[in-house]
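Comments concern the structure below.
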Amino acid sequence: MPELPEVEVTRLSFADRIAGARIESVRLGKPLRWPAGLPANGLAGRVVQAVRRRGKYLLLDLDEGLLLLHLGMSGSLSFAARQPAAGVHDHFDLATTRGVLRLNDPRRFGAVVYAHSEDSAEAVKLLGGLGVEPLTEAFGLDAFHAGLKRRHAPVKQVLLAGDLVVGVGNIYASEALFMAGIRPTLRASRISRPRAEKLRLAVRDVLARAVAKGGSTLRDFSNADGQAGYFQLEAMVYDRAGQPCRVCGTPVKSIRQGQRATYFCPHCQKS
DNA sequence: AAAAGCCCCTGGATGC
DNA sequence: TGCATCCAGGGGCTTT
């Protein structure tokens, strides 16, 4: 489910409401990707000051310490004054004076990790290797092109890796490469500067448009208010194998790269 | 250093 | 209906 747009849409849907809330209690369900590492005396009494996003992580800033949340493949958050009794896939509840923040994650690839500070070992382990934020001014052509230059892997997989630029997952990698007219199998190092610029702008554009549409809901994504996203309806190639390209009519092709599906138009993305 | 493969986990879709 | 197989939006870890 969650790539940058879905995580950002989730953040926007509850950040203002939870800011200023005092934590009352924490409930943990089944183990997630990593141990939560909560302080021995819990989090009760701490105040949620803000919700930020770094890549696909949400950072809940507390008056002391912070919580790192990751939605994995199947996670979603909900924030409501009252929550129903926890179901089998509800693995984290943060009860606060303003409502309960709940993580539902059937596959449990997600994570909730407490860190004393953003510079602590626990936080650096998760955030340290992340690339530049694509929707900020820091995402410039010089560094992006230079980064592509030194990678020989297929450009699709370089986008997914997240160490050059964060937030681009399997849907938006295919979509951005389509917009840029670049074949996903092209070695990153072979991308010219003008084409790198096309790709940079395409990444920014597709992610920004997806945020505006509430993200993509393929099966079960919803924001913290329970609302689905609609960007999947605008997908040019993702999950459209065999269907006509929306630009030229050529059947969209599906291949596998690194155990993940990639979609592209053989005509619009010739090289 | 970088790339390729494997693995974590559950559930839905498909095929026999 | 039952069962096996494959696939899914992520990404860390190990091996080449």
Side-chain angles (χ1 to χ4, degrees), chain A residues 1-10 29-35 53-58 68-77 87-92 103-113 121-131 146-177 184-190 203 206-207 210-211 213-223 228-235 237-242 254-263:
Chain A
M1 154 191 54
E3 305 182 30
L4 183 150
E6 291 73 32
V7 177
E8 179 65 8
V9 162
T10 297
K30 286 189 186 175
L32 295 167
R33 174 138 203 173
W34 294 293
R53 180 189 55 75
R54 177 74 180 98
K56 297 170 188 168
Y57 284 92
L58 285 176
L68 307 177
L69 272 52
H70 198 291
L71 303 180
M73 288 273 268
S74 58
S76 61
L77 289 173
V88 286
H89 298 312
D90 294 325
H91 301 303
F92 172 72
L103 173 67
N104 179 274
D105 185 5
R107 293 176 71 181
R108 292 190 281 127
F109 290 170
V112 176
V113 174
E122 314 84 75
V124 170
K125 177 188 165 203
L126 301 184
L127 307 177
L130 297 184
L148 292 173
K149 273 282 165 216
R150 72 176 82 97
R151 299 293 212 93
H152 289 195
V155 58
K156 155 87 167 353
Q157 288 170 258
V158 172
L159 287 178
L160 281 187
D163 50 357
L164 187 55
V165 56
V166 294
V168 183
N170 210 39
I171 299 175
Y172 301 110
S174 284
E175 292 298 310
L177 287 164
T185 50
L186 181 63
R187 306 271 146 186
S189 56
R190 301 191 55 182
V203 165
V206 72
L207 294 178
V211 170
K213 291 289 176 180
S216 296
T217 296
L218 266 46
R219 49 171 32 155
D220 52 14
F221 170 73
S222 59
N223 69 19
Y230 296 93
F231 187 79
Q232 73 279 5
L233 301 176
E234 297 181 13
V237 288
Y238 184 80
D239 205 20
R240 298 195 63 244
S254 169
I255 60 173
R256 288 193 81 75
Q257 291 182 288
Q259 287 104 280
R260 319 288 300 274
T262 296
Y263 302 88

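Reminder, nothing fancy here: chain letters follow the sequence lines and each chain counts from 1.
Each of B:dT10, C:dG10, C:dC13 was ranked by its minimum atom distance to the side chain of A:K125; first place goes to C:dC13. When distances run from any side-chain atom of A:R107 to the nucleotides B:dA3, C:dA8, B:dC8, the shortest one goes to C:dA8. Looking at the side chain of A:P2, the nearest of the listed nucleotides C:dG10, B:dA4, B:dT10 is C:dG10. Distances from the side chain of A:H89 to the nucleotides C:dA8, B:dA4, B:dG11 place B:dG11 closest.
Contact between the side-chain N/O atoms of A:R256 and the OP1/OP2 oxygens of C:dA8 is found at a separation under 4.0 Å. The phosphate of B:dA3 has OP1 or OP2 within less than 4.0 Å of a side-chain N or O from A:R151. One finds a side-chain N or O of A:H70 lying less than 4.0 angstrom from the OP1 or OP2 phosphate oxygen of C:dG11. Considering only side-chain N and O atoms, A:R108 lies nowhere under 4.0 angstrom from the phosphate OP1 or OP2 of B:dC8.
Remark: P of B:dA3 and CG of A:L164 are 11 Å apart, rounded to the nearest angstrom. Distance A:L127 CG to C:dG12 P: 10 Å, rounded to the nearest Å. Taking atom CG on A:D220 and atom P on C:dG10, their separation rounds to 13 Å, with Å as the unit. We find that CG of A:L71 is positioned 22 Å from P of B:dC8, with the value rounded to whole Å. One can place CG of A:L160 at 14 Å from C1' of C:dA8, the figure rounded to the nearest angstrom. Atoms CE (A:M73) and P (C:dG12) sit 14 Å apart, rounded to a whole Å. Counting to the nearest Å, the P atom of C:dG11 and the CG atom of A:D105 are 13 Å from each other. Look at CG on A:L159: it is 13 Å from P on B:dA3, rounded to the nearest Å.
Aromatic ring orientation, A:Y57 versus A:H70: perpendicular (interplanar angle above 60°, classes split at 30° and 60°).
Residue A:Y57 is classed as a sugar-phosphate contact, given heavy-atom separations below 4.0 Å to backbone atoms only. Counting non-hydrogen atoms under 4.0 angstrom, A:A161 reaches nothing in the nucleic acid. Across all strands, A:R260 comes closer than 4.0 Å to base atoms (heavy-atom distances).
Both A:K30 and A:G258 sit near DNA chain B, but only A:G258 has its closest nucleotide nearer the 5' end.
Between A:V158 and A:A188 the shortest heavy-atom distance is CG2-CB, 3.8 Å.
Looking at A:S174, its side chain does come within 3.5 Å of a backbone N or O of A:Y263 through a donor-acceptor pair. One N or O on the side chain of A:N170 and one on the backbone of A:A261 form a donor-acceptor pair closer than 3.5 Å. A donor-acceptor contact shorter than 3.5 Å is absent between the side chain of A:E3 and the backbone of A:K56.
Across all strands shown, B:dG12 forms a Watson-Crick or G-U wobble pair, both distances under 3.5 Å, with C:dC6.
Per the stacking criterion (ring centres < 5.5 Å, plane angle < 30°), A:F109 does not stack onto the base of C:dG11.
By the 4.5 Å heavy-atom criterion applied to side chains, A:L177 and A:L159 are counted as neighbours.
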